Amino acid sequence: MGVHQNITANKFPRQGEWLDTDVEVCFHYNTNTKFRGKIIRDDMEEPNRMIIQLEDGRVVLSTECQYSSIQSDEK
């Protein structure tokens, strides 16, 4: 558990332009196994987290995977 000055019941870090972006995700640079996901958090202030929710419901930090945006013609 913890406390952060930028996160309260009524305050959240300012979000960046990657928020709600569809992405392709892989792990350990293994591009043979990719997953679709969506950026659900893109902090532009501390604590500076980016969180991705995969289509199967799992949630990962951007620091735990490799990701790239999916172009609209790939959707």
Side-chain angles (χ1 to χ4, degrees):
M1 283 193 251
V3 175
H4 195 281
Q5 65 184 7
N6 284 341
I7 300 176
T8 70
N10 300 312
K11 182 180 175 188
F12 208 70
R14 185 172 43 91
Q15 296 297 290
E17 61 186 48
W18 280 80
L19 186 64
D20 292 325
T21 299
D22 291 320
V23 292
E24 193 170 65
V25 175
C26 68
F27 297 92
H28 299 275
Y29 302 98
N30 179 2
T31 57
N32 294 319
T33 304
K34 296 177 185 176
F35 301 88
R36 288 183 66 106
K38 182 178 288 280
I39 306 287
I40 59 171
R41 184 166 155 189
D42 180 24
D43 296 354
M44 296 304 295
E45 304 172 320
E46 289 187 21
N48 298 310
R49 300 273 191 267
M50 180 182 278
I51 301 175
I52 302 168
Q53 184 166 27
L54 303 179
E55 280 188 327
D56 63 11
R58 291 183 292 165
V59 177
V60 296
L61 299 175
S62 62
T63 56
E64 299 171 334
C65 62
Q66 295 76 51
Y67 63 93
S68 62
S69 64
I70 296 175
Q71 302 302 317
S72 58
D73 60 326
E74 293 181 69
K75 290 183 181 178

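Given the structure is predicted, the values throughout are model-derived calculations rather than measurements. When reading the values below, keep in mind they use all heavy atoms of this one structure, side chains included, and skip hydrogens, waters and symmetry mates.
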> Please round to the nearest 0.5 Å and tell me the distance separating atom CG of Asp42 and atom CG of Asn48.
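Result: 9.5 Å between the selected atoms.
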
> If you round to the nearest 0.5 Å, how far is CE of Met50 from CH2 of Trp18?
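The CH2 atom of Trp18 sits 6.0 Å away from the CE atom of Met50.
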
> Check for me, please, whether Val59 and Leu54 land in the same ILVMFWY cluster - side-chain distances under 4.5 Å, paths through other members count.
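Different clusters.
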
> Who passes salt bridge (charged side-chain N to carboxylate O under 4.0 Å, His left out) against Asp56, sequence neighbours left out?
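Result, salt bridge (charged side-chain N to carboxylate O under 4.0 Å, His left out) vs Asp56: Arg58.
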
> Mind checking side chain to side chain donor-acceptor pair (under 3.5 Å) for Gln15 and listing every partner two or more places apart, or none if nothing turns up?
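Side chain to side chain donor-acceptor pair (under 3.5 Å) list for Gln15, sorted by chain: Asp43.
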
> If you round to the nearest 0.5 Å, how far is CD of Gln53 from CZ of Arg41?
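With rounding to 0.5 Å, CZ (Arg41) is 13.5 Å from CD (Gln53).
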
> Any heavy-atom pair between the side chains of Ser62 and Tyr67 that's under 4.5 Å?
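Side chain of Tyr67 against side chain of Ser62, heavy atoms only: contact under 4.5 Å found.
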
> Is there a side-chain contact between Ile39 and Val23 in this structure, where contact means two heavy atoms from C-beta onward sitting under 4.5 Å apart?
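Ile39 vs Val23: side chains touch.
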
> List the residues meeting salt bridge (charged side-chain N to carboxylate O under 4.0 Å, His left out) with Glu46, not counting sequence neighbours, and say none if there are none.
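Scan of Glu46 (salt bridge (charged side-chain N to carboxylate O under 4.0 Å, His left out), adjacent residues dropped) gives none.
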
> What's the separation between atom CG in Leu19 and atom NZ in Lys38, rounded to the nearest 0.5 Å?
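Output value for this atom pair is 9.0 Å.
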
> Do Val60 and Ile51 have side chains that approach each other closer than 4.5 Å (heavy atoms only, starting at C-beta)?
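Not in contact.
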
> Provide the closest heavy-atom pair for Arg14 versus Glu45 in the form atom of the first, atom of the second, distance.
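Reported closest heavy-atom pair: N-OE1, 3.0 Å.
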
> Atom NZ in Lys34, atom SG in Cys65: separation rounded to 0.5 Å?
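Between atom NZ of Lys34 and atom SG of Cys65 there are 13.5 Å.
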
> Is a side-chain donor or acceptor of His4 paired with a backbone partner of Asn6 at a separation under 3.5 angstrom?
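Yes; judged by distance alone, with no hydrogens or angles, the pair exists.
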
> Side-chain contact, heavy-atom cut-off 4.5 Å: Ile7 with Pro13?
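Yes - at least one pair of side-chain heavy atoms lies under 4.5 Å apart.
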
> Restricting to non-hydrogen atoms, name the atom on Glu24 and the atom on Ile70 that form the minimum distance, rounded to 0.1 Å.
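Looks like N-CG1, 3.6 Å.
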
> Please report the interatomic distance CD1(Ile52) to OG1(Thr21), rounded to the nearest 0.5 Å.
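The distance works out to 10.0 Å.
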
